[in-house]
Amino acid sequence: AYGRAALGARVEALPDGWRIEGPQRFPGGVADSCGDHRLAMSLAVAALAGDGPSVVKGSRCARISFPGFARTLDVLARAGGGRVEEAA
């Protein structure tokens, strides 16, 4: 599975993007950013909505466009009872 679908969300691939049904709950899981900083950040934010733990592989690439992303997202996640750690 790719991206949000790997986290358990219902996702339809389109030629120019994705269609994601909402609102929906999903179980969480493991997704790969494929080295894309934009994908890493969107998956990390989506993971916060999951019912279970999630891992975004290669999330350190988010440093390219937002060096403090993991730290900032962790502060926000902790306010809601969650936690974020940066993955290699």
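Only heavy atoms go into these numbers, but all of them, side chains included; no hydrogens, no water, no symmetry mates.
Rounded to the nearest 0.5 Å, atoms OG (Ser33) and CE (Met41) are 10.5 Å apart. Atom CG in Leu39 sits 8.0 Å away from atom SG in Cys61 (nearest 0.5 Å).
The hydrophobic cluster containing Val75, built from Ile/Leu/Val/Met/Phe/Trp/Tyr side-chain heavy atoms closer than 4.5 Å, comprises no other residue.
Here Ala77 pairs with Leu48, Val84 under the side-chain contact (heavy atoms from CB on, under 4.5 Å) rule; sequence neighbours left out. Taking the side chain to side chain donor-acceptor pair (under 3.5 Å) definition, one finds that Ser65 meets it with His37, sequence neighbours left out.
Across Val30 and Lys57, no two heavy atoms sit closer than the pair CG1-CE, 3.5 Å. Taking all atoms of both residues into account, the shortest heavy-atom contact from Ser54 to Ala47 is CB-CB, 3.6 Å.
Residues in residues 64-76 take part in these salt bridge (Lys or Arg N to Asp or Glu O under 4.0 Å) pairs, two or more places apart or across chains: Asp74-Arg78. Residue pairs meeting the salt bridge (Lys or Arg N to Asp or Glu O under 4.0 Å) criterion with at least one partner in residues 38-55, sequence neighbours excluded, are Arg25-Asp51, Asp36-Arg38. Identified under the ring-ring contact (aromatic ring centres under 6.0 Å, His included) test for residues 55-82, with sequence neighbours left out: Phe66-Phe69.
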